[in-house]
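To start, the structure under review is shown below, and the notes come after it.
Chain letters run A, B, ... following the sequence lines, proteins first and then strands; every chain starts at 1.
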There are 2 protein chains.
Amino acid sequence: MSSTLPSTSRSLPIALIRAREGVMAPIREMLSETGITEQQWRVLRVLSEHGLLDTTTLAERSSLLFPSLTRIAASMRDKGLITQTRDEIDRRRQLIEITAAGQKIIDDRTSQSTQIVDDIKTKLGTDNYETLLDLLGLLDLNSND
Amino acid sequence: MSSTLPSTSRSLPIALIRAREGVMAPIREMLSETGITEQQWRVLRVLSEHGLLDTTTLAERSSLLFPSLTRIAASMRDKGLITQTRDEIDRRRQLIEITAAGQKIIDDRTSQSTQIVDDIKTKLGTDNYETLLDLLGLLDLNSND
DNA sequence: GTCATTTCCTTAACATGTTAAGTATAGTGA
DNA sequence: TCACTATACTTAACATGTTAAGGAAATGAC
């Protein structure tokens, strides 16, 4: 039974935070001109990819907690980036859809965003990049055994 | 020039968030009994490992932004987990040290915490675990070329 | 020595993360 | 149809993340 914790310099949680900082820095820089946050960008990305979604599915796919999404959606609605409608069959459900203004934010940054991802792939090497995604997937609670 | 963003299901930022959730879930569960947060745990870990530190070094080693650390340190001081003293040579600097009460929180959870890390290593395999740490290190802005 | 600059830290303002409690609608079984 | 439970979402409260502005002490150029 070990009695010493691993050095914080080799700690997985801290390594994950720092890696995230490194990855998000250029994305955040890109978004700073748009007036939207990293989380709002993620919501737009998911909506653009999947179309009309209920709040539960949107929260899951954009990796946001429900209370966060409630606030973020209200803010995005006020900015005209999304629309919220009630499901007439199940009136508890709320349906969310991207607007043309929201889609334009995506379209205007697609090439720049692709470049950022390519830079990271180059930095790591494509094989390493895919390996990293696979290993991260193993840690995801909701997607494995 | 590509005109399509990668699928969000294969997005590195989202994969990093989800992996972090998976890793932190058992740690957060462990901490829920102690009344301290994940960030406060990190501060205690770093202080326990390195001893007396100035705020700048502590922020860097625990991967916290300065304004966050200001608040967290005030809260931890009020709980009696750390002490804050001013550096008499450079009076701008603040020196932070863990208290016996703070150290006890670490000591009481060392074995449980070690077990959590071991479980993750087992889940991934030790080789994969080391590979993952190495790849994450490549993404860290502050520690490479 | 004095003033501009730099460094170290704090405060402020707003967005999000996290947990718990609350509300409204739907489904279910007697 | 009447509880009872479950589901979908909201609200609240507090902690942290993030950026910008501010304050105090040290440093450097002159």
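- Applying the 4.0 Å criterion to OP1 and OP2 of C:dC8, one finds that B:T55 has every side-chain N and O outside that range.
- B:T122 pairs by the side chain to side chain contact (heavy atoms under 4.5 Å, CB included) definition with nothing, not counting sequence neighbours.
- Dense packing is recorded around CD of B:Q84, with more than 12 heavy atoms of other residues, nucleotides or ligands lying under 6.0 Å away.
- Note: CZ (B:R20) to C1' (C:dT16) measures 13 Å, nearest angstrom.
- Formation of a donor-acceptor pair under 3.5 Å by the B:S62 side chain with backbone atoms of B:L58 is found in this model.
- Shown here are the side chain to side chain contact (heavy atoms under 4.5 Å, CB included) partners of B:N128, two or more places apart in sequence or in another chain: A:L135, B:L124.
- Note: CG (B:L16) to C1' (D:dG17) measures 17 Å, nearest angstrom.
- Nearest nucleotide to the side chain of B:Q94, out of D:dT16, C:dT16, C:dT10: C:dT10.
- The shortest side-chain heavy-atom distance between B:T57 and B:V46 does not fall under the 4.5 Å cut-off.
- Residue B:L69 is the one, among A:L69 and B:L69, whose nearest nucleotide of DNA chain C lies closer to the 5' end (criterion: closest heavy atom).
- Rounded to an integer number of Å, the gap from CE of B:M24 to P of D:dT16 is 13 Å.
- The stretch residues 29-50 of chain A has no heavy atom under 4.0 angstrom from DNA chain D at all.
- Applying the salt bridge (Lys or Arg N to Asp or Glu O under 4.0 Å) test to pairs two or more places apart or on separate chains, those with a residue in residues 27-36 of chain A are A:R28-A:E38, A:E33-A:R109.
- The nearest whole Å value for the distance from the CG atom in B:D78 to the C1' atom in D:dC14 is 15 Å.
- Rounded to an integer number of Å, the gap from B:I96 CD1 to C:dC8 P is 14 Å.
- Paired with A:T8 under the rule side chain to side chain donor-acceptor pair (under 3.5 Å), one option of B:E49, B:R45, B:R61 passes, and it is B:E49.
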Show me the donor-acceptor pairs, under 3.5 Å and distance only, between side chains in residues 63-74 of chain A and residues at least two apart or in other chains.
unit_1 : atom_1 : unit_2 : atom_2 : d
A:S63  : OG     : B:R18  : NE     : 2.7
A:S63  : OG     : B:R18  : NH2    : 3.3
A:T70  : OG1    : A:F66  : O      : 3.3

Between the protein and nucleotides 23-27 of chain D, list every N/O to N/O distance that falls short of 3.5 Å.
unit_1 : atom_1 : unit_2 : atom_2 : d
D:dA26 : OP1    : B:R91  : N      : 3.1

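- Here the side chain of A:R71 is nearest to one of C:dA13, C:dT18, D:dT11, namely C:dT18.
- For A:R10, the salt bridge (charged side-chain N to carboxylate O under 4.0 Å, His left out) partners are B:E130, B:D134, not counting sequence neighbours.
- Qualifying side chain to side chain contact (heavy atoms under 4.5 Å, CB included) partners for B:P13, counting only residues two or more places apart in sequence or in other chains: A:R20, A:V23, A:M24, A:I27, B:S11.
- With side-chain heavy atoms closer than 4.5 Å counting as contact, directly or through intermediates, A:I89 stands alone and belongs to no larger hydrophobic cluster.
- The side chain of B:T56 contributes an N or O atom lying less than 4.0 Å from OP1 or OP2 of C:dC9.
- A:R77 places its CZ atom 14 Å from the P atom of D:dC9, with the value rounded to the nearest Å.
- Using a 4.0 Å heavy-atom distance criterion, B:S68 is classed as a base contact.
- One end of the helix from C:dG1-D:dC30 to C:dA30-D:dT1 points its axis 10° away from the other end's axis, with each axis taken from 5 pairs and the angle rounded to 10°.
- Residues B:I36 and B:M76 are not in side-chain contact: their nearest non-hydrogen atoms beyond the backbone lie 4.5 Å or more apart.
- Although no hydrogens or angles enter the test, the distance criterion places a donor-acceptor pair under 3.5 Å between the side chain of B:K79 and the main chain of B:G35.
- Put simply, CD1 on A:I72 is 13 Å from C1' on C:dT18, counting in whole angstrom units.
- One atom, CD of B:E60, and another, P of C:dC8, lie 11 Å apart when rounded to the nearest Å.
- Every residue meeting the side chain to side chain contact (heavy atoms under 4.5 Å, CB included) condition with B:L52, not counting sequence neighbours, appears here in chain and number order: B:L95, B:E97.
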Distances for protein N/O vs nucleotides 19-22 of chain D N/O pairs under 3.5 angstrom?
none

